[in-house]
Peer 1: 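One structure, as structure tokens, below. Some questions next.
Every chain is numbered from 1 and lettered A, B, ... according to where its sequence line falls, protein lines coming before strand lines.
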Amino acid sequence: MSRRGDWVYENNGGTCVAIAGADYCVVAADTRLSVGYSILTRDHSKICDLADKCVLASSGFQGDIKALHKNLAARELLYQHQHNKRMSCPAMAQLLSNTLYYKRFFPYYAFNVLGGLDSEGKGCVFTYDAVGSYERTGYSAQGTGSTLIMPVLDNQLKSPSPLLLPARDAVTPLSESEAVDLVKDVFASATERDIYTGDKLEIVVINKAGTTREYIELRKD
Amino acid sequence: MNVYLGDSGLAGDCGGRREGGGREGRKKQGGDCKLLGSQRMHGGPACPSVSPSPPSSPLFLAKWQLRLPSLLRLHRGPHRTRPPFFPRSPILEKKKKATPPPPPPPPIKIVTRARRDPQTLPHAGKVGTLESTRRLKEGEGASRMFRNQYDTDVTTWSPQGRLFQVEYAMEAVKQGSACVGLRSSTHAVLAAANKPASELSSYQRKVFRVAEHAGVALAGLTADGRVLSRFLRNECINHSFVYEAPLPISRLALRLADKAQRSWKRPYGVGLLVAGLDETGAHLYYNCPSGNYFEYQAFAIGSRSQAAKTFLERRFEGYNDYTPEQLIKDALSAIKETLQGEKLTSANCTVAIVGRKDDGTIEPFQMIDATRIQEIIDSMEAAEEAPPAEPSSMQEEERTSDAAPMDI
């Protein structure tokens, strides 16, 4: 495929998934970095801990993703100094949206999924497009494997549409371990068919007690 | 004789206030000139109004000598205390020679208390201006600063090579309540005495976290201190954004000092103790409003800080090897010295610590919890009351690794 001479982006691939529970949130991303048909590294984290209850996973162009994560981390530190507390997940969600739209006409090539606990301790997941349009949902997948994963999550998690009245909680009734198992299964399936997804899976679980990390091996081909 | 020019030929309206004069000056010289209100004429150019008696009459001289309040005072002869602004007319000079010059005014009585050695005063060897004194309130003893014609603008040098506005800004630091900083090779501690402005109010925050690895304690105009803390926070964030590394403390102090070099702004009236940890260990710097900064092993600033400094001077040599616990205890003792008799409780002091623990992990800059401070104070008092024991025998458990959360 020939690109324009002035094409400044490149897609480094990868998939990110997040699932919100009643009092937890699971955010997961694979660790493969690719360009074209080559693998750059099998061990690159796409997840950034922004606040103690807020985690961002992004796939797309790693240069923009690194810059975006740094930007948000610096803004969060500033917030901490000014307000003497860490940023809540909904606040970070809005900040991320604004940051992305700020570059509306030269966007961050980043497909983001923000997960964490809101101020009440309930799990929340926010899903974004490249220019900052966002929505709070119960689960989401972004990246090269998202088209393979999203239908499966829809099938399993049955998130009610936000247009339905009365408004129902978007979080899933699954328990934490069930949600983690679902994520592992879903990634294993995506790895089979998506060339950009594989190598290792990094799973971050945020709950009242704090944040835990887990690494699962995936197919390396 | 031109009544508007007067004898001396000096034109213009009432010269206004005497050099360096103030309320005291006016009081001593009698009432205000009724014609010109608050503008006094202290032998300045002639007052533009008609004299009731001609200048050369003996009656006028007598009145002037007795310093009775009169509608106006005409200047007779050359000004005693200020050089003339305008050249004198030779015709008028000739007239003056006939009459004897008036006697000099009686010296103004200056009520003094502790008088500082004149050579050490800011205007030793002053230009021939008549100065009045203005007593400044200070925490430690009464001392005096002379106002003079070089102190209005921060960009004006005095003939002795001093910038008075900057020196006055440093005086502002002495008005703030005490702050103490000390460091070992791995940890730095900042402590501040919490003095509420009134019974009804709470105390001003004096210790600020600037970055994970650094913080400041300030004394002086806390509003200026807040602005500077915000600036320092920005600098630290920008540096770690670009270099992915924490800003070394010496460079942090340097940025702060550079900020004092804005000639169009008034100096920041706050002294900052900058403490932090970087690759080379723990550091403590003191930044003056003048833009100077020095590194210290231990230092105290603010009112009654001399007591704390004396305490620290006796003990600082061993600080490099102190444990964090010992540093905190010494900081609290130093603050206790500044309270001068008042009981030290966790309510009237703030303590913050930053450092690198024995296992290599960083202990980020944070205020120590009030309950923990109270425990330490209690143990200090218990140790004092107990028969003299070895410092090591009253060693408490090392600071636990779960550091106290940031106190608001």
Side-chain angles (χ1 to χ4, degrees), chain A residues 33 41 43-56 58 61-88 91-92 95-96 98-100 102-103 106 108 110 112 116-117 119 121 206-213, chain B residues 190 202-218 222-223 225-247 252 255-256 272 274-277 350 352 354 362 364-370 401-408:
Chain A
L33 201 69
T41 179
D43 201 4
H44 182 270
S45 172
K46 298 185 178 64
I47 296 184
C48 176
D49 286 1
L50 290 175
D52 56 350
K53 298 280 187 284
C54 187
V55 162
L56 175 61
S58 322
F61 173 42
Q62 278 305 313
D64 276 353
I65 288 170
K66 265 275 165 303
L68 179 65
H69 287 186
K70 273 178 89 162
N71 202 331
L72 291 174
R75 295 293 299 273
E76 203 276 331
L77 191 53
L78 209 52
Y79 182 98
Q80 246 190 308
H81 283 146
Q82 288 175 347
H83 299 87
N84 217 23
K85 65 179 180 117
R86 306 213 67 175
M87 249 176 133
S88 67
M92 182 55 82
L95 178 64
L96 175 54
N98 293 347
T99 309
L100 291 170
Y102 195 73
K103 294 237 304 156
F106 183 13
Y108 287 107
N112 305 291
L117 302 179
S119 339
I206 309 141
N207 52 27
K208 211 168 43 183
T211 311
T212 48
R213 234 175 198 84
Chain B
L190 290 173
S202 73
Y203 59 85
Q204 291 271 37
R205 262 188 77 180
K206 290 163 71 68
V207 185
F208 291 90
R209 181 172 125 134
V210 150
E212 201 196 21
H213 66 292
V216 297
L218 48 95
T222 36
R226 261 202 333 270
V227 163
L228 289 177
S229 306
R230 200 163 53 219
F231 165 74
L232 288 177
R233 284 167 177 169
N234 265 328
E235 291 291 302
C236 285
I237 288 175
N238 288 339
H239 187 275
S240 60
F241 189 95
V242 173
Y243 298 103
E244 294 268 340
L247 182 57
L252 187 61
R255 309 261 174 119
L256 198 49
L272 286 131
V274 182
L277 178 77
T350 312
V354 62
I362 308 277
F365 186 94
Q366 68 220 339
M367 321 288 174
I368 300 178
D369 202 30
S401 54
D402 51 315
M406 182 144 88
D407 213 39
I408 294 191

Peer 1: Between Gly215(B) and Leu190(B), what is the shortest heavy-atom contact and its length?
Peer 2: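 Scanning both residues, the minimum pair turns out to be O-CD1, 3.8 Å.
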Peer 1: Where along residues 63-78 of chain A does a heavy atom come under 4.5 Å of chain B, listed by residue number?
Peer 2: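 Contacts with chain B: Lys70(A), Asn71(A), Ala74(A), Leu77(A), Leu78(A).
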Peer 1: When you measure from the side chain of Arg233(B) to the backbone of Arg209(B), do you find a donor-acceptor pair of N or O atoms at a distance under 3.5 Å?
Peer 2: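 Checked: pair present.
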Peer 1: Report yes or no: does His81(A) contribute a side-chain atom to a donor-acceptor pair with the main-chain N or O of Phe208(B) at less than 3.5 Å?
Peer 2: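 Not confirmed, His81(A) side chain does not pair with Phe208(B) backbone.
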Peer 1: For Glu244(B), is it the side chain, the backbone, both, or neither that has a heavy atom closer than 4.5 Å to a heavy atom of chain A?
Peer 2: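 Side chain only.
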Peer 1: Would you mind telling me which of Asn234(B), Leu252(B), Leu256(B), Val274(B) makes a side-chain contact (heavy atoms from CB on, under 4.5 Å) with Val210(B)?
Peer 2: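 Only one of Asn234(B), Leu252(B), Leu256(B), Val274(B) forms a side-chain contact (heavy atoms from CB on, under 4.5 Å) with Val210(B), namely Leu252(B).
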Peer 1: According to side chain to side chain contact (heavy atoms under 4.5 Å, CB included), who are the partners of Leu117(A), at least two apart in sequence or on a separate chain?
Peer 2: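 For Leu117(A), the residues satisfying side chain to side chain contact (heavy atoms under 4.5 Å, CB included) (neighbours in sequence not counted) are Lys53(A), Ile206(A).
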Peer 1: Between Leu50(A), Val55(A), Leu56(A), which is the residue that forms a side-chain contact (heavy atoms from CB on, under 4.5 Å) with Met92(A)?
Peer 2: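 Single pass found, and it is Leu50(A).
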